Student: 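Here's a structure for you.
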Amino acid sequence: MGWIIKLDEGLGWLSKVCGWIACVAMILMAANVFYDVVARYAFNDVSIAMQEMEWHLYSVVFLLGIPYALRTDGHVRVDVFYTNWSNTRKAWVNLVGALIFVIPFAFLIGFYGYEFALDSYHMGESSGDPGGLPNRWIIKAVIPFTAVFIATAGLNMATYAIRVLAGDRSYETEHSGGGLA
Amino acid sequence: MIGMIMFAAALVMLMLGFPVAFTFGGVALFFGVFAQGMDLFAFMPYRIMSVMQNTVLMAVPLFIFMGVVLQRTKLAEQLLTSMGRLFGGLPGGLAISTILVGALLAASTGVVGASVVAMGLISLPVMLAHKYDKRLSTGTICASGTLGQIVPPSIILIILGDVLGLPVGDLFKAAVWPGVVLIGLYIVYILVLTRLKPETAPPMPEDPTRSRKQEIVAALIAIIPPLALIVVVLGSIFTGIATPTESSALGGVGAVVLAIIYRQFSFKMVWEAAKDTVSVTAMVFAILIGATAFSMVFSYTGGDYLLEEWLTMLPGEHWGFIILAMLVILILGFFIDFVEISFIIVPILAPVAESLGINMLWFAILVAMNLQTSFLTPPFGFSLFYLKGVAPPEVRTVDIYRGIIPFIAIQILVLALIVVFPEWFGMSATY
Amino acid sequence: AQETFTLRLAETWGPNFPIFGDTTKRFKETVEKMSDGRIRIRIDSANKHKAPLGVFDMVKAGQYDMGHSASYYWKGKVPETLFFTSMPFGMNAIEQYAWFYYGGGMELMEEVYEPHNLLSFPGGNTGVQMGGWFRKEIKSLDDLKGLKMRIPGFAGEVFAEVGVNPTNIAPGELYTALERNTIDAVEWVGPALDLRLGFQQIADYYYTGWHEPATELQFLVNKKVWEKLPADLQEIMRVAMRSSAYDMLIQSQHANAEAWANIKKDYPNVKIKKFPKEIFQAMYEANKKLLKEAAENSEMAAKIIESQRNYLQKSRAYTDISERAYLNTMAEVE
Ligand code: NA
Ligand code: NA
């Protein structure tokens with residue numbers, strides 16, 4: 001059991017790092033878009049590279065946010081029955097779901113996403129627009145990169161469920177899903 | 001046929017309470033690998049990439065950020081409660097304020113995920129704190145957050161313009177009246193409901209230390225800053241300073257500036273707001289990615305051909321065609337998303353409509369109105385999921401499902417009005 | 001029974017996209033009839049594969065057997081693919097087809113696509129594309145300085161050289177952006193397709209084209225798939241691609257003529273303009289400079305540019321005394 005706890009906490013830490021990167025990207029993106037508007041309107045200055053940077057940052061926000069939201073239980077559930085279930089039952093749903101849904105899904109995206117990014121790297125792909133960003137493979141590589149972390153977050157979901165089954169944790173304490181409003 | 005079985009399977013699996021996004025993705029994976037093999041999923045990186053490059057969707061994180069900052073700095077609460085106070089002893093004032101704010105947001109974006117989530121963050125806590133009925137609150141928010149689809153600028157209208165070959169400007173103009181009528185009827189509904197059941201939306205408590213006049217003045221003053229922010233967002237679009245998407249960044253930065261003015265600013269606040277934004281954004285996009293896997297499997301296993309076949313059996317006579325076409329879109333809207341409908345169904349219906357001498361502009365508005373409803377219909381209405389994602393745990397999915405029903409009824413009513421009395425909306429049914 | 005083949009074709013366009021989409025449909029019909037059903041074509045539009053600009057990769061990787069797109073979209077991946085669509089101040093449609101089929105163009109295209117396990121064939125021509133919709137009249141080079149214009153690709157680079165600010169706007173927001181002066185000008189295709197986006201409602205100045213005098217789409221075929229086809233079916237494919245491409249050129253002419261007549265009738269505000277000579281001269285020089293840079297960066301590019309330049313010179317001399325002379329004569333007598 002000890003190693004499960006260690007693994008659980010280690011995996012949780014990984015997801016939080018993803019969230020941290022996504023938060024930085026979020027703030028940079030807002031600043032980036034704001035800057036582009038001001039530059040265009042006030043100084044009549046347009047940079048395609050800066051415009052492309054917007055969607056690069058936005059992609060990082062939502063992609064790396066996914067493993068983070070898995071750890072914080074931020075992904076929406078249909079709770080018609082779920083809320084009334086016992087911790088044990090919830091743990092089984094999450095354990096099985098993580099193993100048969102999250103991890104295989106992440107695996108397929110990671111596997112094909114890797115080829116997708118690698119091909120771009122081999123071709124030296126860049127933006128086709130005047131003054132656009134080079135090295136398109138970097139942003140494409142965020143797809144398999146994210147998939148790896150979705151898989152670890154899925155594994156994390158499983159380790160957490162095991163801790164709940166062992167009576168070491170419960171979903172009430174951790175449940176921050178929908179805790180925003 | 002696999003596509004149809006997959007819908008049923010997804011429906012059952014969703015009820016188990018596993019996160020919606022991964023239920024879609026997981027079910028799609030099983031059916032996809034079973035029917036076509038693993039290689040079908042080689043399309044997924046392209047589909048994810050197309051979401052990444054869809055810059056219109058950047059409005060989602062940016063508007064959410066604005067909503068979170070307004071919420072954390074209590075400015076949203078101030079806006080809504082002050083507006084509510086303006087309505088004085090009138091019950092339902094907060095709900096009406098919510099609809100009006102939703103209408104303003106709708107005029108600045110056409111991305112439903114952005115406005116539903118922002119409205120959920122801004123007004124759900126306030127309504128709940130003032131003892132509003134959960135169903136009324138969530139129904140109001142989903143419905144007014146979805147207005148962005150019909151109130152221009154609107155993504156549905158742009159897509160329909162493309163599919164039907166109609167100028168976008170004409171569509172935008174034609175959609176204004178239906179949008180206004182819809183907003184008006186939402187408000188009428190709130191007024192009627194609170195007359196019949198005042199306990200669902202209690203009026204704002206009166207402040208005994210102030211006269212009514214003082215109260216109104218205080219409320220007007222309190223409304224100004226957050227309203228100014230909305231005006232900046234809208235104004236930047238109308239004056240062309242920013243595109244609708246970019247305006248959402250002005251909203252986010254503007255909210256931070258307001259926070260500074262009101263001495264609510266701290267780096268910690270911004271960081272926490274960013275964290276909330278990332279989490280909610282990820283929730284929205286994970287659903288989009290799960291759903292794109294789902295629709296990928298649906299169409300690559302022949303689901304789209306099956307739909308096409310069914311549609312060729314629609315009657316070829318004016319009223320029969322219109323009514324059945326609307327029913328088909330409404331029913332499909334329960335299950336598949338509006339982009340798929342626009343691209344798969346509308347091109348099949350369009351030539352038939354044209355051959356019947358139906359005015360395509362009118363037809364497009366009908367379809368748009370109908371597709372807007374698809375965001376709200378349980379079980380797969382995305383607006384409902386999005387709101388659930390930001391609602392406190394005591395708001396159950398069932399509350400949202402039930403709360404939206406009256407608003408769906410209103411939408412169908414408006415749709416029927418446009419069908420029967422197109423001239424009321426400045427259109428004609430035929431050329 | 002003879003072996004039958006089902007080829008999956010991914011097109012960059014949406015379903016029922018006029019002209020471009022008609023071309024793939026005609027191709028499909030022709031192939032299926034000519035082969036008596038031994039080849040079936042299944043067309044997937046952009047709404048299905050969701051990767052309008054992923055056609056190259058998907059055909060290369062074998063996820064699709066064929067594609068219908070445009071060569072210059074792959075410029076970011078393989079810079080030399082740029083030259084097989086249309087070049088600023090380059091050949092017109094007839095001249096370019098002559099170059100492809102009799103002037104060595106096909107061989108050069110094969111050389112560029114071969115390393116990527118792809119074959120490329122001409123896939124239909126739009127004819128001269130219009131120079132774009134402008135909200136203000138452009139009278140001098142100064143009017144272009146700082147002008148914000150949606151103009152992608154190589155033409156965007158040429159415009160950038162003369163002071164324009166090429167700007168990215170999501171297609172869904174183009175209309176609103178132009179309407180509200182977020183941008184000042186938009187380049188799209190030609191009357192038939194521009195009409196659908198409604199630019200004539202919000203911009204008065206429609207400039208004649210120079211940057212894409214003969215935009216050629218392309219059929220992409222996965223080479224391994226091609227090699228599996230028996231020789232007779234390969235020939236059927238070849239003929240079907242060539243005839244549907246030709247069909248697209250004349251359909252474009254027809255649809256543009258109709259659309260232009262409608263614009264003239266319904267939108268008397270629209271005025272046709274030509275850039276002043278100083279602008280054309282500046283852009284001509286800018287274009288030469290960019291081509292020179294491209295030639296320095298890649299031997300293959302140098303070879304293509306050289307071939308196109310020589311062919312243009314030779315065939316233009318004849319165009320001058322045939323087409324041009326005829327049009328000039330007509331202009332005089334009418
Ligand atoms: Na809107
Ligand atoms: Na063009």
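None of these values were measured; they are calculated from a predicted model. Lettering follows sequence order; numbering is per chain, from 1.
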Student: Does anything in residues 21-42 of chain A get under 4.5 Å of chain C by heavy atoms, and if so which residues?
Tutor: A:Arg40
Student: Restricting to non-hydrogen atoms, name the atom on C:Glu157 and the atom on A:Pro130 that form the minimum distance, rounded to 0.1 Å.
Tutor: CG-CB, 3.5 Å
Student: Take atom CH2 of C:Trp226 as the centre, draw a 6.0 Å sphere, and report whether it contains more than 12 heavy atoms from other residues, nucleotides or ligands.
Tutor: yes
Student: Answer yes or no: are there more than 12 heavy-atom neighbours, outside C:Tyr284 itself, under 6.0 Å from its atom OH?
Tutor: no
Student: Has C:Glu110 got more than 12 heavy atoms of other residues, nucleotides or ligands less than 6.0 Å from its CD?
Tutor: no
Student: Tell me whether A:Asn44 contacts the main-chain N or O of C:Gly146 through its side chain, where contact means a donor paired with an acceptor under 3.5 Å.
Tutor: yes
Student: Is the CZ atom of A:Phe145 crowded by more than 12 outside heavy atoms at less than 6.0 Å?
Tutor: no
Student: Looking only at heavy atoms, which of residues 286-301 of chain C get nearer than 4.5 Å to chain A?
Tutor: none
Student: Using only non-hydrogen atoms and a strict under-4.5 angstrom cutoff, which residues of residues 96-124 of chain A touch chain C?
Tutor: A:Asp119, A:Met123, A:Gly124
Student: Determine all donor-acceptor pairs shorter than 3.5 Å in which one atom belongs to a side chain in residues 45-54 of chain A; sequence neighbours excluded.
Tutor:
unit_1  : atom_1 : unit_2   : atom_2 : d
A:Ser47 : OG     : A:Ala49  : N      : 3.4
A:Ser47 : OG     : A:Met50  : N      : 3.0
A:Gln51 : OE1    : C:Asn168 : N      : 2.8
A:Gln51 : NE2    : C:Asn168 : O      : 3.4
A:Glu52 : OE1    : A:Ser127 : OG     : 3.4
A:Glu52 : OE1    : A:Leu133 : N      : 2.7
A:Glu52 : OE2    : A:Ser127 : OG     : 2.6

Student: Measure distances from C:Lys77 to the heavy atoms of chain A and classify the residue's part below 4.5 Å as side chain, backbone, both or neither.
Tutor: both
